[in-house]
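Since the structure comes first, as structure tokens, the remarks are kept for the end.
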Amino acid sequence: QVKVPDSAVADETDEQIIERTRLRFEILKDMTKAVKTGDVRAMIVTGPPGLGKSFGVEEVLAKDDLFDMMGQRKPKYEIVKGAMSAIGLYSKLYKYSDPKNIIVFDDCDSILLDDVALNILKAALDTSKKRTIWNTDSRVLRSEGVPDKFDFKGGAIFITNIKFENVRSKKLQDHLAALESRCHYLDLTIDTEREKILRIKQIVSAIGHDGLAVE
């Protein structure tokens, strides 16, 4: 990634940066709610690690799914972390293909860097009314009851440290641009060391006032 110099935000006061960052995280919560209700199909959230991206998303989804958990019903969302193959992605999309289901890909960057997985994602998040995903022949999937094709009606949230504009591979840039055109792209604009430190101060202040915890 390209390092942004602190001079890039030199004209902003600490208070302005804190307020800008706070508003970005409020937008993150609002957008997560919109994905949950189906008003927004998908969202990509980018920002440095350890400053609350995952917490902001999980907080909204867990709160909305509280009654499902109390009723011992299957949650309408799942958070996927770590590496995932294209076949694993196809299977996961099938299991959460119903309307208002959401899959959160949290630092699951392997699917953003794989041609086959990206093509599956582009089909799942296509802007047409009907989003049909096809799979190449796989005995593994058939044995698990996953069909060769299905309509995906759910939503997706991608939480990543990657800034798409900093990816250097031309082929990958084209894929990511196609994916970005299907999603709302939210950059939390925390790029400099100063912004990161002020975000940490903001978190500490929130914990002190509200007893919040941020992962």
[X] and [Y]: which non-hydrogen atoms are nearest, and at how many Å?
| X | Y | answer |
| --- | --- | --- |
| L179 | L121 | CD1-CB, 4.1 Å |
| I17 | E195 | CG2-CG, 3.9 Å |
| K122 | R182 | O-NE, 3.0 Å |
| M43 | V35 | CB-CG2, 4.2 Å |
| R199 | L51 | NE-O, 2.9 Å |
| N161 | K53 | OD1-NZ, 3.2 Å |

Under the 3.5 angstrom rule, does the side chain of [X] hit a backbone N or O of [Y] as a donor-acceptor pair?
| X | Y | result |
| --- | --- | --- |
| Y77 | K100 | no |
| R131 | A124 | yes |
| S181 | A178 | yes |
| R20 | T189 | yes |

So how far is it from [X] [atom1] to [Y] [atom2], rounded to the nearest 0.5 Å?
| X | Y | atom1 | atom2 | answer |
| --- | --- | --- | --- | --- |
| I103 | K95 | CD1 | NZ | 10.0 Å |
| C183 | L176 | SG | CG | 10.5 Å |
| F105 | I111 | CZ | CD1 | 4.5 Å |
| L188 | L28 | CG | CG | 6.0 Å |
| I79 | S54 | CD1 | OG | 7.5 Å |
| F55 | K29 | CZ | NZ | 6.5 Å |

The criterion is ring-ring contact (aromatic ring centres under 6.0 Å, His included); which residues satisfy it with [X], sequence neighbours excluded?
| X | answer |
| --- | --- |
| Y96 | none |
| F152 | none |
| F25 | none |

So, using salt bridge (Lys or Arg N to Asp or Glu O under 4.0 Å) as the criterion, who are the partners of [X] when residues are at least two apart?
| X | value |
| --- | --- |
| D106 | K81 |
| E19 | R22 |
| K201 | none |

Can you name the side chain to side chain donor-acceptor pair (under 3.5 Å) partners of [X], sequence neighbours left out?
| X | answer |
| --- | --- |
| T160 | D109 |
| D30 | none |
| T132 | D151 |
| D187 | K163 |

From CA spacing to verdict: side-chain contact (heavy atoms from CB on, under 4.5 Å), N101, K153: CA-CA 8 Å; N101 280 1; K153 301 175 183 178; over 6 Å; no

Verdict with supporting geometry, N135 and I120, side-chain contact (heavy atoms from CB on, under 4.5 Å): CA-CA 8 Å; N135 173 53; I120 291 173; 5.7 Å; no

Validation row, ring centre F158 to ring centre Y185 under 6.0 Å: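 No; Y185 has its ring centre 6.0 Å or more from that of F158.
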
Pair L61-K76, side-chain contact (heavy atoms from CB on, under 4.5 Å): steps then yes or no: CA-CA 9 Å; L61 296 181; K76 292 187 176 66; over 6 Å; no

Salt bridge (charged side-chain N to carboxylate O under 4.0 Å, His left out) between D39 and K33, worked out: CA-CA 9 Å; D39 294 325; K33 292 176 183 177; over 6 Å; no

Those residues that, when tested against A83, pass side chain to side chain contact (heavy atoms under 4.5 Å, CB included) (two or more places apart):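 For A83 the side chain to side chain contact (heavy atoms under 4.5 Å, CB included) partners, ignoring immediate neighbours, are S110.
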
Side chain to side chain, D148 and W134, heavy atoms closer than 4.5 Å: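 Not in contact.
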
Residue pairs passing the salt bridge (charged side-chain N to carboxylate O under 4.0 Å, His left out) test where at least one lies in residues 42-51, sequence neighbours excluded: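 Those involving residues 42-51 do not exist here.
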
Find out if a path of hydrophobic residues (ILVMFWY) with successive side-chain heavy-atom gaps under 4.5 Å connects [X] to [Y].
| X | Y | result |
| --- | --- | --- |
| I190 | I200 | yes |
| V146 | V116 | yes |
| I197 | I18 | no |

Chi angles and distances behind the side-chain contact (heavy atoms from CB on, under 4.5 Å) call for T21, Q202: CA-CA 9 Å; T21 304; Q202 180 190 6; 3.7 Å; yes

